[in-house]
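Here's the structure we're looking at; comments come further down.
Per chain, numbering begins at 1; letters A, B, ... match sequence-line order.
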Number of protein chains: 2
Amino acid sequence: MKNTIQLTVDAVVFGYESGNISVLLVKRKYEPYKNAWALPGGFVLENENLEQAVERELSEETGVKINYLEQLYTFGDVARDPRGRVVSIAYFGLVKPNAFKLHASTDAQKAEWFNIAQLPKLAFDHKKIVQIAIERLQGKITYEPIGFELLDKRFPFSDLEKLYTTLLGREIDRRNFKKKITSLKVLDELDEKVSKGRGRPGSLFSFNQKRYFQLKKAGIIFEI
Amino acid sequence: MKNTIQLTVDAVVFGYESGNISVLLVKRKYEPYKNAWALPGGFVLENENLEQAVERELSEETGVKINYLEQLYTFGDVARDPRGRVVSIAYFGLVKPNAFKLHASTDAQKAEWFNIAQLPKLAFDHKKIVQIAIERLQGKITYEPIGFELLDKRFPFSDLEKLYTTLLGREIDRRNFKKKITSLKVLDELDEKVSKGRGRPGSLFSFNQKRYFQLKKAGIIFEI
DNA sequence: GTATATTTGCGTATCATATACGCATATAAT
DNA sequence: ATTATATGCGTATATGATACGCAAATATAC
């Protein structure tokens with residue numbers, strides 16, 4: 001009676017590139033939902049922790065190694081999987097997409113990035129899981145500087161601004177946004193400048209994680 | 001290999017009464033950790049959803065029926081349970097403690113409320129689970145009006161204020177706090193007044209849930 | 001009965017922060 | 001040389017947070 005529930009992990013991994021937020025999906029090799037797109041994930045092994053299971057499955061099915069990972073939610077409805085009772089612990093991850101070459105194997109035929117506005121039909125209850133992950137991303141970005149996980153180590157300020165307008169889905173005043181971020185002192189301005197097409201060249205910035213943790217310890221919140 | 005992981009739910013249920021925040025615990029009847037205090041909870045049955053499992057276990061072990069319940073976090077470290085690999089989905093609940101007479105049965109010898117500042121030694125990793133739940137409670141109360149779940153239907157304003165000072169662990173200006181809550185228009189002022197000992201009698205208030213959901217839909221956040 | 005302590009209810013002054021927006025500067029395209 | 005575009009810096013105004021004063025209504029002490 002107790003021992004018939006199976007346990008899986010699934011990962012909703014977001015990437016960002018020049019105004020595009022995408023999710024990492026795999027094409028299933030086996031039944032059920034053979035040939036359908038799904039979140040990377042699979043069964044938890046008895047001798048590994050949950051985070052290890054997610055990282056292993058991600059690595060196996062997509063070749064991606066994650067730099068930011070947190071637990072999202074556990075989905076356990078009785079009928080969510082046709083194979084029987086399967087409870088899945090979903091994780092939420094962020095990577096810089098151009099940092100990895102996708103490489104599918106084991107249970108996946110293919111691994112691909114999909115724009116979150118143009119997702120294919122998804123297996124199981126994965127559509128719902130992605131929706132909840134998107135809400136988490138949008139909510140979280142307003143009070144924690146997780147956005148930096150999606151940008152290159154060194155980036156022009158306009159990249160950060162573009163990321164925020166994309167994620168929040170609304171315009172933000174460029175000058176006030178810069179004032180706010182600058183006042184937090186979590187960015188280091190580098191000497192180097194870059195010119196992107198037209199316009200005055202801008203400085204490159206990098207995220208000062210040390211400074212951020214100091215602020216966080218002191219109880220200061222990052223708020224947009 | 002797949003089928004040896006077992007699944008449980010645990011509930012961290014908070015109650016509040018006149019300046020005291022307490023957690024509901026049960027004394028274990030069987031091994032492991034026989035006679036130790038632990039969170040109410042137990043194995044998930046194959047044909048019930050996770051929320052149903054929590055509510056069933058709470059009802060069986062303590063007699064409490066919950067009015068506010070949300071998922072907290074899933075704990076899955078390999079060695080967290082001496083019986084083998086047991087993954088537990090923890091829930092977070094709020095009740096008005098005087099609304100129920102505690103009644104232990106099945107796996108519990110006893111069920112009792114404990115002040116969060118004076119908890120006994122707990123079984124498994126339940127101390128950690130309680131800590132995370134307390135952080136969630138303190139964080140959540142500043143941006144969602146969950147505090148009302150802990151008060152009677154009709155309450156004097158000073159009860160709400162006391163609850164917040166207790167939960168936040170700091171003094172708040174009584175007049176500014178009232179202005180802030182009043183401006184949200186989520187409270188209905190009733191005609192009735194109560195006198196608690198000395199001092200001018202105050203109106204009773206009730207929480208207008210309908211109005212709150214309207215505000216929430218419109219994107220307005222409750223913030224202390 | 002009168003004075004005092006206590007709690008409630010309502011107000012206003014001040015300070016900090018968010019928002020709106022003006023404008024000079026440095027580059028690419030025409 | 002001119003125009004379009006992106007950057008960098010500034011200031012005025014509106015909004016909201018905080019500090020705090022004080023009258024009203026009650027219980028308690030004398």
Within this structure, what is the [atom1]-to-[atom2] distance between [X] and [N], rounded to whole angstrom?
X	N	atom1	atom2	answer
B:Ile172	D:dA19	CD1	C1'	15 Å
B:Arg200	C:dT4	CZ	C1'	18 Å
A:Asp173	C:dT17	CG	P	19 Å
A:Arg174	C:dC23	CZ	P	15 Å
B:Lys196	D:dT26	NZ	C1'	14 Å
A:Asn176	D:dT7	CG	P	16 Å
B:Lys179	C:dG9	NZ	C1'	12 Å
B:Lys180	D:dA19	NZ	P	12 Å

Side-chain donor/acceptor contact of A:Lys193 with base of C:dT25 under 3.5 Å: no

Under 3.5 Å donor-acceptor pair, B:Lys178 side-chain atoms to D:dT18 base atoms: no

Ring geometry between B:Phe207 and B:Tyr212 (parallel below 30°, tilted from 30 to 60°, perpendicular above 60°): tilted

Aromatic ring pairing A:Phe177/A:Tyr164, orientation class (parallel under 30°, perpendicular over 60°, tilted between): tilted

Any side-chain heavy-atom pair of A:Lys110 and A:Trp37 under 4.5 Å: yes

Nearest-nucleotide pick for A:Ser203, side chain only, options being D:dG8, D:dG21, D:dT5: D:dG8

DNA chain D-proximal residues of residues 150-162 of chain B, any heavy atom under 4.0 Å: none

B:Ser206 versus B:Lys153, side-chain donor and acceptor atoms under 3.5 Å: no

Stepwise ring-ring contact (aromatic ring centres under 6.0 Å, His included) check, A:Phe92 with A:Phe14: CA-CA 8 Å; A:Phe92 169 99; A:Phe14 292 104; 5.7 Å; yes

Atom NZ of B:Lys128: over 12 foreign heavy atoms under 6.0 Å: no

Electrostatic pair A:Lys27-A:Glu112, nearest N-O below 4.0 angstrom: no

DNA chain C: 5'-proximal contact among A:Gly199 and B:Pro201 (nearest heavy atom): B:Pro201

